[in-house]
Amino acid sequence: MLSIERIIYCINKNCDNPINFAGERVCASCQTPLVHRYLWATGSLVTEIPLGTKVSDRYEVIDRQVWLDTRPGLLPEVPQELPSDVIPYLRLYPERSHLPQVYGFVTSLPEGTDHILLLENVPIDEEGNIYPTIIDAWQKAKPVRQVYWLWQILQLWTPLLELGLAHNLLKADNLRVQGWCVRLLDLNATTPTEQPNLKDLSDSWQPLLELTTTSVTPKLQNIIQQMANSEVELETIASQLNALLLAAAGELPLTLTIAGATDAGPQLKQNEDTCYPNTAVDSHELLVPNLAIVCDGIGGHQGGEVASQLAVQSLKLQIRALFAEVATQPEIVPPNLLQEQLEASLRVANNLINSRNDEQKRQGRERMATTLVMAVQVPQRVLTTSEWQSDNAHELYLANVGDSRAYWITREYCQQLTVDDDIVTREVRSARSLYRQALQRQDANALTQALGNRDAESLRLAIKRFIIDEDGILLLCSDGLSDNNWVENSWQDYAVPVLTGQMTVEDAAHHWINLANEKNGHDNTSVVLTLCRVSKEYLVPITPTPPLVEIPEPEIAELERYPEESVLTESSQALLDLELPDEPSPAPIKQPNRRQPLLLVGGLLALIVGGTGIGLFAWWQLSPQSFQQMCQKLPPSLQQYCSPRGR
């Protein structure tokens with residue numbers, strides 16, 4: 001699709017020769033990465049504009065409604081008052097993984113003609129090709145992906161329905177797929193005479209099932225038939241679709257290889273970042289497998305690094321307790337309950353830092369806090385569609401507070417999975433500004449929330465859930481790497497070699513750290529990579545990949561002595577001498593008509609009720625005063641466990 005005549009301008013304002021041929025990765029003159037921004041144009045005149053036309057001396061029409069911004073360093077045109085049809089795009093900014101965003105307008109048109117709206121973050125690849133429709137990709141998709149696509153549509157149903165836009169999910173040509181991800185080309189604001197219902201949605205799914213028959217087709221057909229019933233609840237359909245999704249995902253193998261690193265950078269002496277795992281520290285033993293965390297501390301020396309360490313230590317213990325509890329459940333734990341438990345664990349970590357701030361009488365900017373991005377791959381057992389017991393249903397949960405990010409990277413694309421908590425996001429979500437305009441503010445990157453600087457009630461948390469159904473790399477990083485789009489500019493250099501077996505995960509993490517130090521050296525940088533394999537293709541690593549969890553022989557012997565007890569490591573003991581805040585335990589996991597044990601996600605309660613005599617004895621020895629103070633805060637029914645010698 002690219003022609004040699006097509007040119008694109010470098011975004012570097014100081015470049016001596018900014019003109020380049022489209023398709024090149026970097027500017028030939030100054031080596032700045034070139035931005036190929038393909039846009040989706042909507043409006044009454046769009047389809048009448050001939051291919052090759054240059055609109056407003058910058059937008060080249062390369063396909064029907066597909067325009068290339070040849071001058072991406074310039075701000076797009078925006079009217080003083082935003083038209084009403086763009087407001088839903090802004091309100092739905094948190095769903096940017098699936099929905100396009102408003103880029104700008106073309107308003108210099110013949111009088112009486114509607115403006116042309118330009119959308120970015122659209123399902124168009126790096127060469128200007130539109131991703132296939134869901135109906136075109138359906139036959140080649142594995143059963144798990146077929147169900148996963150429908151699950152994503154169902155998750156978008158309610159937010160779009162509330163804005164009168166759910167009819168956009170019924171149009172086959174509007175639904176595009178980029179690998180695992182369902183993406184919409186645009187949001188037609190034309191309101192239908194009646195709001196669509198679940199029967200309308202089921203009618204739009206029926207043609208998909210008629211294309212091919214797979215192991216999931218009969219159950220999908222049954223779900224679609226139920227959706228046609230006007231009395232059926234959305235929650236019922238979601239529950240059944242989720243059960244089928246996990247049963248199909250369990251059929252696939254899943255291997256995780258994880259590595260992490262953190263560095264102060266060339267300009268700073270103090271590293272306020274903390275990551276888990278940190279390969280240099282956790283190379284021999286992982287306290288919690290399937291967990292990745294990156295925290296970027298705020299508050300300066302003796303503040304930011306303390307906050308980030310407290311958050312990581314607290315969450316490691318809480319997620320460990322969560323995994324232990326999930327393993328005892330006889331049925332699949334619904335995603336909303338897991339999301340609630342993860343949210344509760346974040347609030348416990350927040351209040352732990354907040355309590356330390358109060359104890360030290362820190363005020364204003366002196367209060368320490370931390371950003372956080374956390375990935376939890378929950379290994380739930382599930383009965384597969386072939387009716388055998390799988391030990392992992394491939395669920396991945398992502399949480400972020402602040403501007404530390406998560407990306408999903410395959411050999412074909414790189415997707416940002418998280419949304420920053422900053423001024424830009426606030427301005428867009430409140431429909432006060434478009435994204436590109438908000439970036440021009442002096443305080444654009446200022447955070448609107450972080451972990452620990454205020455009470456947990458002030459936190460606005462969103463836990464996202466994904467299913468791992470393809471080979472890929474999950475990248476978590478602090479803004480030391482993500483600033484200035486260096487992940488988007490470098491993923492082909494470091495992620496693709498890992499996926500093709502030419503580079504280890506650990507080496508890739510260090511390469512990204514070095515890149516960050518070179519390009520964004522003003523900040524600390526942390527990177528945690530998780531290589532996810534669901535197929536045996538390309539499994540040709542240049543060196544043997546170590547197991548995800550490696551336990552030395554003495555610790556194996558210790559586990560055999562205490563088969564049901566936790567073995568405390570230095571990282572977990574570091575938390576024991578801390579006075580945890582007075583945080584009520586979250587609600588237990590409940591399954592219908594079953595008596596379930598209490599799920600405890602707080603660090604103290606996890607050790608007391610779900611923990612060990614070893615853990616209690618260590619805490620009692622390290623800090624007997626704080627141990628007794630916390631025990632006094634427990635309900636009477638739990639105070640009996642506060643005798644460490646007696647357990």
Side-chain angles (χ1 to χ4, degrees), residues 88 92 95 97-99 133-139 141-177 180-185 187-188 190-251 331-337 339 382-385 393 395 464-467 469 592:
L92 292 166
E95 302 293 345
S97 293
H98 305 285
L99 304 179
T133 65
I134 188 173
I135 201 164
D136 289 336
W138 185 265
Q139 288 179 282
K142 294 179 180 178
V144 61
R145 178 156 290 182
Q146 293 176 347
V147 184
Y148 192 22
W149 285 338
L150 299 185
W151 167 265
Q152 292 173 57
I153 294 172
L154 199 65
Q155 298 309 297
L156 290 170
W157 182 254
T158 297
L160 266 63
L161 191 67
E162 291 174 349
L163 294 176
L165 297 169
H167 58 279
N168 288 280
L169 296 171
L170 308 180
K171 300 186 295 183
D173 191 57
N174 196 38
L175 293 172
R176 304 286 170 153
V177 290
W180 66 274
C181 187
V182 172
R183 304 184 65 184
L184 275 65
L185 274 173
L187 294 174
N188 188 326
T190 303
T191 306
T193 53
E194 293 184 7
Q195 283 277 56
N197 53 34
L198 286 180
K199 181 183 183 306
D200 297 319
L201 186 60
S202 70
D203 290 341
S204 71
W205 289 1
Q206 185 62 49
L208 296 172
L209 271 61
E210 296 172 357
L211 290 174
T212 183
T213 300
T214 68
S215 58
V216 299
T217 304
K219 290 187 177 180
L220 280 179
Q221 189 65 60
N222 180 264
I223 291 173
I224 286 178
Q225 290 174 355
Q226 293 183 60
M227 292 168 68
N229 185 344
S230 60
E231 297 181 358
V232 71
E233 297 287 341
L234 178 63
E235 184 178 349
T236 300
I237 299 301
S239 176
Q240 294 184 24
L241 196 60
N242 177 64
L244 181 57
L245 173 59
L246 298 186
E251 294 278 353
E331 298 177 2
I332 285 290
V333 181
N336 64 311
L337 289 185
Q339 288 165 327
V382 64
L383 187 65
T384 70
T385 51
E395 289 179 286
K464 296 184 178 180
R465 185 239 201 174
F466 304 87
I467 300 296
D469 74 337

For [X], all residues meeting side-chain hydrogen bond (donor to acceptor under 3.5 Å, both in side chains), sequence neighbours excluded:
X      : value
Asn229 : none
Arg145 : Asp469, Glu470
Gln240 : Gln226
Trp180 : Gln415

List the steps and the verdict of side-chain contact (heavy atoms from CB on, under 4.5 Å) for Trp205 and Leu220.
CA-CA 9 Å; Trp205 289 1; Leu220 280 179; 5.9 Å; no
Donor-acceptor contact below 3.5 Å, side chain Gln206 vs main chain Ile224:
no
Is there a donor-acceptor pair closer than 3.5 Å between any side-chain N or O of Ser204 and the backbone N or O of Leu201?
yes
Can you run down the salt bridge (Lys or Arg N to Asp or Glu O under 4.0 Å) pairs that involve [range], sequence neighbours left out, and say none if there aren't any?
range            : answer
residues 223-236 : none
residues 237-247 : none
residues 192-202 : Lys199-Asp203

Exercise: identify the closest heavy-atom pair between [X] and [Y]:
X      : Y      : result
Gly164 : Gln195 : CA-NE2, 3.7 Å
Pro196 : Leu170 : CB-CD1, 3.8 Å
Ala393 : Leu246 : O-CD2, 3.7 Å
Pro88  : Leu165 : CB-CD1, 3.4 Å

Mind checking the [atom1]-[atom2] spacing from [X] to [Y]? Nearest 0.5 Å is all I need.
X      : Y      : atom1 : atom2 : answer
Asn197 : Ser202 : CG    : OG    : 8.0 Å
Leu234 : Leu154 : CG    : CG    : 5.0 Å
Leu92  : Leu187 : CG    : CG    : 6.5 Å

Taking distance alone, no hydrogens or angles, what donor-acceptor pairs closer than 3.5 Å link side-chain atoms of residues 207-216 to residues at least two apart or in another chain?
residue : atom : partner : partner atom : Å
Thr214  : OG1  : Gln146  : OE1          : 3.4
Thr214  : OG1  : Val216  : N            : 3.4
Thr214  : OG1  : Thr217  : OG1          : 3.3

Is any side-chain heavy atom of [X] closer than 4.5 Å to a side-chain heavy atom of [Y]?
X      : Y      : answer
Leu160 : Leu99  : yes
Thr385 : Leu244 : yes
Ile467 : Val147 : no

I'd like to check the side-chain contact (heavy atoms from CB on, under 4.5 Å) partners of Pro335; sequence neighbours left out, ordered by chain and number.
Trp151, Asn242, Tyr397, Arg465
Can you name the side-chain contact (heavy atoms from CB on, under 4.5 Å) partners of Lys142, sequence neighbours left out?
Val144, Leu252
Could you tell me whether Lys464 atom NZ has more than 12 heavy atoms of other residues or ligands within 6.0 Å of it?
yes
Residues in salt bridge (Lys or Arg N to Asp or Glu O under 4.0 Å) with Asp173, at least two apart?
Arg176
In Leu169, Leu150, Val177, the residue satisfying side-chain contact (heavy atoms from CB on, under 4.5 Å) with Val182 is Val177
Inter- and intrachain pairs under side chain to side chain donor-acceptor pair (under 3.5 Å), touching residues 155-168, at least two apart
none
Test log, rule side-chain contact (heavy atoms from CB on, under 4.5 Å), inputs Asn188 and Asn174:
CA-CA 10 Å; Asn188 188 326; Asn174 196 38; over 6 Å; no
